[in-house]
2 protein chains.
Amino acid sequence: MARIQNNKNETRKEFITSAAARLFREKGFSATGMRDLAGEVGVEAASLYNHIRSKAELLQEICFRTANQFSAQLNELELDNSQTSLQKVEAILRHHIQWWVAKPDDMLVTNNESKYLQEPYLSTFMNERRLYVRRIEAIMEDGIRKGQLSGIQPYSAVLTLLSMVRGIEFWHRTKKNISAEALEENMVKHFIDGLRQR
Amino acid sequence: MARIQNNKNETRKEFITSAAARLFREKGFSATGMRDLAGEVGVEAASLYNHIRSKAELLQEICFRTANQFSAQLNELELDNSQTSLQKVEAILRHHIQWWVAKPDDMLVTNNESKYLQEPYLSTFMNERRLYVRRIEAIMEDGIRKGQLSGIQPYSAVLTLLSMVRGIEFWHRTKKNISAEALEENMVKHFIDGLRQR
DNA sequence: GTCTATATAAGGATAGAC
DNA sequence: GTCTATCCTTATATAGAC
């Protein structure tokens, strides 16, 4: 499984994109000015345009690079015959938790600011999200057919899975109470116990 | 003050506030213009200022009226000796689900746009939210002491409870697949099964 | 690649007529 | 209470010097 890590050989554009993710998360896309971003980067606003085409382009890159990462995990899982459906669902949940822990800026922007994408990117993004939900539903439906899990409707369970991890946003502000590992184990156990066949 | 009433016995200000919640939800607080809001209400932008003091004031009213509603439920639950801790947690979860189903505009604005509150309202709001989390944790801790629930750390469980219901935002766009009642029962069962003592 | 200067548009909010 | 007109600030993005 891929590890999450920071790229220390960032290009100038990647540095700007990371700063943008941080600002879009904190202030929101609309309320973030190019002057704010320039200040973070350490240049004047006009200089940013030697590296990027527009503010909108920054949002596109953050949202799609994040979304594509999750699609890529599903691509692998769907081809893996060594895991049960329940194990696959757990792997998806752990993947989401780990990304929320490691990349809260990217996750918050992708979740909360993607609505500011311009067409045709907005439609593409929303279609990909719907497809992503359906693919997870299909994994759960397969598990129900095989008797590996039960007690829940797949659509409801997917909504729960994708949403419950958003609370990690608040955990980031008060990390001292519980470690990332303990948080992950608690959430996985809680979710899976509500899904397991008994 | 003149009380211009419309269909639902709303004051003019309440009508404006509802329109603001809808727009803040769809476009975000920062990207919503007073001219947008005026168009929704059916007047020119300048006319809004006979009913409200500022755009910021509208956000304050939406966020605090929503947050106070949830605090009020806890006030009652804490005084209720007829319910177990597990029943109280279930009541809290059902309350959140029902509000997400019935008032998605208010819930989304309170969750996603409250960061645009100005001081001192922002600090007040965040302090109230922290207190709300702690009060639910306390109910869970009481349940653990009494052996009514187990298997999870209260902080992690509260994060899960408050976050998992946010998926209802997406359910609103595709209601046909599952009824509000079925959604509620699925989510309650899923969450409670992961919490119950066995 | 970065700067200063600026074009052009839109933002929240107010003044004063009616 | 609502309107028209407008103030003042800020926004994204570009032009052209260095």
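Chain letters run A, B, ... following the sequence lines, proteins first, then strands; residues in each count from 1.
When the nucleotides dC3(C), dG12(C), dA13(D) are ranked by their closest atom to the side chain of Tyr49(B), dG12(C) comes out on top. The side chain of Ala46(B) has dT4(D) as its nearest neighbour among dC3(C), dT4(D), dT12(D). With distances taken from any side-chain atom of Arg35(A) to the nucleotides dC3(D), dA11(D), dC3(C), the minimum falls on dA11(D). The listed nucleotides are dA11(D), dA13(C), dA5(D); the one nearest the side chain of Met34(B) is dA13(C).
Not one N or O on the side chain of Gln69(B) forms a donor-acceptor pair closer than 3.5 Å with the backbone of Thr66(B). Side chain of Lys88(A) to main chain of Leu77(A): a donor-acceptor pair is present (N/O by atom type, distance under 3.5 Å, no hydrogens or angles).
Put simply, CG on Asp36(A) is 18 Å from P on dT9(D), counting in whole angstrom units. At whole-Å resolution of the value, CG in Leu37(A) and C1' in dT10(D) are 16 Å apart. Distance, Lys55(A) NZ to dA13(D) P: 8 Å, rounded to whole Å. Straight-line distance from the CD atom of Glu44(B) to the P atom of dG11(C): 14 Å, rounded to whole Å. Between the CG atom of Leu58(A) and the P atom of dA11(D) there is a distance of 16 Å, rounded to whole Å. In this entry the distance linking CZ of Phe24(A) with C1' of dA11(D) reads 13 Å, nearest Å. Here the C1' atom of nucleotide dA13(D) and the NE2 atom of His51(A) are 15 Å apart, to the nearest Å. In this entry the distance linking CG of Leu23(B) with P of dG12(C) reads 11 Å, nearest Å.
For Arg12(B) against dG1(D), no side-chain N or O and base N or O form a donor-acceptor pair under 3.5 Å. For Arg53(A) and dT12(D), a side-chain-to-base donor-acceptor distance below 3.5 Å is absent, hydrogens and geometry of angles not being considered.
Side chains of Asn127(B) and Arg130(B): a donor-acceptor N/O pair is present below 3.5 angstrom, by distance only.
Among the atoms of the strands shown, only primed sugar atoms or phosphate atoms (P, OP1, OP2) are found under 4.0 Å from some heavy atom of Thr32(A).
Residue order along DNA chain D, read from the 5' end via each residue's closest nucleotide, puts Ala31(A) first among Ala31(A) and Ala45(A).
Aromatic ring orientation, His190(B) versus Phe191(A): tilted (interplanar angle from 30° to 60°).
Figure legend: Arg129(A) and Phe170(B) shown as a cation-pi pair, the cationic atom lying under 6.0 angstrom from the six-membered ring centre and within 45 degrees of its axis.
For the pair Ser47(B) and dG1(D), the criterion of a side-chain N or O lying under 4.0 Å from OP1 or OP2 is not met.
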